[in-house]
Amino acid sequence: MSQPISFLSDFGHRDEFVGVVHGVLAKLAPSSRVIDVGHGFPRGNVKSAALALTRAVQYLPEGVCLAVVDPGVGTERKAIAAETTWGTFIGPDNGLLSPAVAMVGGATKIVSIENPEAIIPSPGQTFHGRDVFAPAAGLIASGEAAIHELGPQIPGEEIVPLLLPLTEAKNGTISGQAWWVDNFGNVQTNIAPEDMGSVGLGPGETITLKIGASTHSVPWVGSYADVDEGEALIHVDSVGLLALAVRGGRADEALNLAEGVAVSLAASRSATAE
Amino acid sequence: MSQPISFLSDFGHRDEFVGVVHGVLAKLAPSSRVIDVGHGFPRGNVKSAALALTRAVQYLPEGVCLAVVDPGVGTERKAIAAETTWGTFIGPDNGLLSPAVAMVGGATKIVSIENPEAIIPSPGQTFHGRDVFAPAAGLIASGEAAIHELGPQIPGEEIVPLLLPLTEAKNGTISGQAWWVDNFGNVQTNIAPEDMGSVGLGPGETITLKIGASTHSVPWVGSYADVDEGEALIHVDSVGLLALAVRGGRADEALNLAEGVAVSLAASRSATAE
Amino acid sequence: MSQPISFLSDFGHRDEFVGVVHGVLAKLAPSSRVIDVGHGFPRGNVKSAALALTRAVQYLPEGVCLAVVDPGVGTERKAIAAETTWGTFIGPDNGLLSPAVAMVGGATKIVSIENPEAIIPSPGQTFHGRDVFAPAAGLIASGEAAIHELGPQIPGEEIVPLLLPLTEAKNGTISGQAWWVDNFGNVQTNIAPEDMGSVGLGPGETITLKIGASTHSVPWVGSYADVDEGEALIHVDSVGLLALAVRGGRADEALNLAEGVAVSLAASRSATAE
């Protein structure tokens with residue numbers, strides 16, 4: 001029985017790259033449903049795509065996950081397949097798969113995709129999405145190959161991790177960063193509600209938000225409707241992290257935020273905020 | 001037997017939003033074909049997406065239509081499912097579904113999606129596409145749920161309509177507006193050939209087109225080939241409405257038009273046009 | 001048994017055009033898998049899309065290829081279906097299909113799609129993707145119609161070819177052009193390794209690259225990893241043509257290249273290069 005394949009990349013929609021990978025999958029796994037998780041992630045930005053995959057994975061049907069953001073194509077980086085209880089993750093060994101694999105409980109087996117019979121011969125070394133990763137995904141999804149047939153097993157501790165910034169709690173302030181600005185201008189931070197709880201902050205409070213030299217006083221509310229049109233808010237977003245939004249507007253523009261910018265949150269105990 | 005699902009949103013292609021909804025649909029309705037009607041509609045522009053859905057619906061396979069352009073997510077607006085002879089329309093109650101539902105003959109039953117068993121629990125209240133609308137679409141498409149199981153029935157007259165601008169005929173002039181500029185720069189108006197007929201205008205005539213203070217003399221022709229390269233034309237477009245185009249060019253740029261701009265059409269009876 | 005349909009266009013992702021064609025295909029060929037080869041090709045650029053299709057076709061599952069880049073819609077250009085050993089190619093007769101058809105061995109039969117029973121009646125003449133090409137593709141893919149039922153056969157020599165620039169070898173220099181800049185800024189030329197071999201050039205050599213008045217000295221290497229970050233390289237790309245790239249960067253920007261710009265390659269025999 002064919003497994004569904006969830007496919008994510010930074011190939012964009014200008015060229016035929018995404019379509020060619022779909023073609024390879026259709027040839028090798030003609031009965032597999034293919035879900036495009038997204039292909040518009042920033043070019044070569046492994047972290048951005050890895051976070052997206054981590055947010056998405058619990059909503060994807062169990063089976064095969066094919067992820068290709070591969071700035072190191074043509075270098076020594078490995079091509080890997082990782083077996084988990086969710087299914088099989090396939091992609092470059094550059095940290096892209098690590099957080100999603102961890103999210104579903106970790107890998108029970110990891111192989112380096114090297115078997116020439118599982119790879120499409122090509123004149124060039126630049127399109128491993130088509131020549132290495134898609135064939136592996138198609139073969140696993142169709143049941144034509146088992147993971148150990150793709151290449152030699154490698155120890156999990158040899159895999160490249162994704163280094164993600166941690167939050168810090170100090171003197172009643174949580175420091176973190178903006179780590180995703182979505183298409184609507186909403187800004188997700190790496191700060192969880194539990195981090196806030198650890199310094200005694202919770203929903204309903206007014207929070208002092210610092211971004212560089214700017215300070216804002218922003219209410220922590222349950223939904224957009226709890227503030228007026230055009231007002232900023234802090235809320236727990238659909239993934240469960242603290243996020244900054246502006247009702248009917250763009251928080252990235254209103255607050256001058258971009259991915260990677262440091263933010264800190266603290267209680268607004270005095271009346272001097274804003 | 002599983003029904004096909006036609007899916008439209010303003011989620012764009014930068015993030016994983018569209019893919020996550022596909023994941024939810026694949027889990028709940030693994031045998032349903034999913035058609036992406038489009039996800040590039042302007043952010044939060046209910047009217048633009050509603051018109052697109054209305055143009056598209058007669059070409060979509062009968063089944064389930066999942067439409068999410070939802071600037072009011074997290075407010076009091078309802079989530080609805082509307083049963084029609086075409087199939088079931090699912091989306092926010094903000095006017096998005098109304099014209100397409102009317103186009104297929106109106107709704108025979110409308111429910112407010114409130115049953116917690118049909119909704120995916122989430123830490124946040126911002127991604128109803130994933131948590132509320134996609135599960136409803138998947139359950140209906142797979143036959144796992146009937147519409148009345150999604151929530152209480154609500155009267156049709158309580159539904160939010162989409163207010164669309166009407167055309168006006170006066171002194172031989174039809175006044176309307178540009179209401180869609182497509183990717184190629186073609187400008188569809190809300191003026192039908194019948195409107196033109198009511199003031200005695202028809203194909204083959206030269207039309208005086210007024211846009212703000214500018215006046216243009218434009219032929220009403222059958223196809224692009226009836227004018228020279230670079231020339232403007234009026235024609236009945238693929239949806240059956242009067243549209244402005246430039247052969248081999250962009251009418252929006254040539255005529256300084258954008259969605260919502262007022263246009264008027266009249267006979268060119270004198271030689272003073274252009 | 002239904003055949004898969006590979007679909008390519010310049011419709012973009014802003015409107016519902018791609019989705020409406022999918023709707024028509026789903027109605028006529030409900031069991032056919034549809035692969036989006038790509039829809040982001042430059043508006044009306046037949047050559048760009050034709051080259052993409054030619055690069056892709058060997059990776060697409062045999063069946064039906066529906067390709068619509070159609071700046072001449074509404075003129076006298078024919079709508080054609082071409083039968084090959086790969087399957088059936090359907091699109092406008094403007095050169096779009098010619099190189100891909102040649103790539104799979106040429107057409108055994110070509111018809112002009114004119115049968116009114118195979119065409120969706122429409123108020124306008126501007127959306128042949130929906131009204132003419134998609135129905136033909138759906139009818140062939142589902143087996144509902146044979147190619148000769150679409151319209152009268154036409155001789156292959158009446159088909160519009162795609163005129164592609166040739167390379168020229170003279171005095172040890174190969175002259176060609178940049179003919180594809182991909183989403184990552186990599187620049188494919190129309191020069192094959194065999195062209196280079198004909199003037200005695202091969203991998204491992206340093207090549208003198210001339211673009212307009214600029215001269216660059218660039219190594220011909222096997223993969224990105226053979227040069228330092230930020231350095232330019234020449235390599236055989238994933239399609240088998242010579243391409244210019246910059247490791248970790250964009251060759252189009254670094255070398256001031258765009259599609260159609262002339263380039264020449266020669267041996268770097270003196271020390272005066274760069």
Side-chain angles (χ1 to χ4, degrees), chain B residues 2-8 10 12-13 18 33-42 48-49 51-63 65 180-186 188 192-193 221-227 229 233 235-243 245 247-250, chain C residues 2 5 7 9-36 38-46 68-77 119-135 138 142 183:
Chain B
S2 285
Q3 300 181 77
I5 301 169
S6 294
F7 173 29
L8 172 152
D10 65 344
H13 292 94
V18 170
R33 183 178 189 140
V34 181
I35 291 167
D36 290 299
V37 179
H39 302 289
F41 302 102
S48 172
L51 292 175
L53 181 57
T54 311
R55 293 189 297 264
V57 66
Q58 66 177 305
Y59 298 99
L60 301 173
E62 299 190 359
C65 175
W180 178 37
V181 178
D182 77 15
N183 194 35
F184 297 92
N186 301 307
Q188 186 183 67
V221 298
S223 78
Y224 298 152
D226 295 330
V227 303
E229 199 76 9
L233 61 137
H235 68 122
V236 177
D237 74 3
S238 65
V239 178
L241 289 169
L242 287 203
R247 183 173 176 186
R250 296 187 64 95
Chain C
S2 285
I5 302 169
F7 172 29
S9 77
D10 65 346
F11 293 164
H13 292 95
R14 261 196 49 204
D15 307 300
E16 76 280 9
F17 297 133
V18 169
V20 163
V21 168
H22 273 263
V24 172
L25 296 174
K27 284 192 170 196
L28 290 171
S31 307
S32 283
R33 183 178 189 141
V34 182
I35 291 166
D36 290 298
H39 302 290
F41 302 102
R43 178 198 180 195
N45 188 328
V46 171
V68 190
V69 176
D70 194 15
V73 66
T75 67
E76 290 299 304
R77 73 97 188 87
I119 294 173
I120 298 178
S122 167
Q125 301 302 319
T126 55
F127 197 178
H128 284 192
R130 179 192 72 191
D131 300 330
V132 177
F133 300 118
S142 68
N183 194 36

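Computed from a predicted model, the values in this text were never measured in an experiment. In what follows, chains are A, B, ... by sequence order, proteins preceding strands, each numbered from 1.
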With a 4.5 Å cut-off on heavy-atom pairs, point out which of B:Ser223, B:Pro193, B:Pro61 contacts chain C the most. B:Pro61
Heavy-atom distance under 4.5 Å to chain B: side chain of C:Val73, backbone, both or neither? both
Taking all heavy atoms of B:Arg33 and all of C:Ala26, pick out the closest pair and write down the distance. NE-CB, 3.7 Å
Looking at OG1 of C:Thr75 and OH of B:Tyr224, how far apart are the two atoms once the value is rounded to the nearest 0.5 Å? 11.5 Å
Can you name the residues that form a ring-ring contact (aromatic ring centres under 6.0 Å, His included) with C:Phe41, not counting sequence neighbours? none
In short, C:Gly74 meets B:Ala225 closest at the heavy-atom pair O-CB, 3.1 Å
Which answer fits B:Ile35, side chain, backbone, both or neither, if we ask what part of it has an atom under 4.5 Å from a heavy atom of chain C? side chain
Can you tell which of B:Leu53, B:Val239, B:Asn186, B:Val37 has the highest number of heavy-atom pairs within less than 4.5 Å of chain C? B:Val37
Determine which pairs satisfy side-chain hydrogen bond (donor to acceptor under 3.5 Å, both in side chains) with at least one residue from residues 12-26 of chain C, sequence neighbours left out, and list them in order. B:Arg55-C:Glu16, B:Trp180-C:Asp15, C:His22-C:Asp36
Out of C:Pro30, C:Ala134, C:Gly44, which one racks up the most heavy-atom pairs below 4.5 Å with chain B? C:Pro30
Counting only heavy atoms closer than 4.5 Å, note whether C:Ile120 contacts chain B via side chain, backbone, both or neither. side chain
Between chain B and each of C:Asp131, C:Val21, C:Asp10, count heavy-atom pairs under 4.5 Å; write down the option with the most. C:Asp10
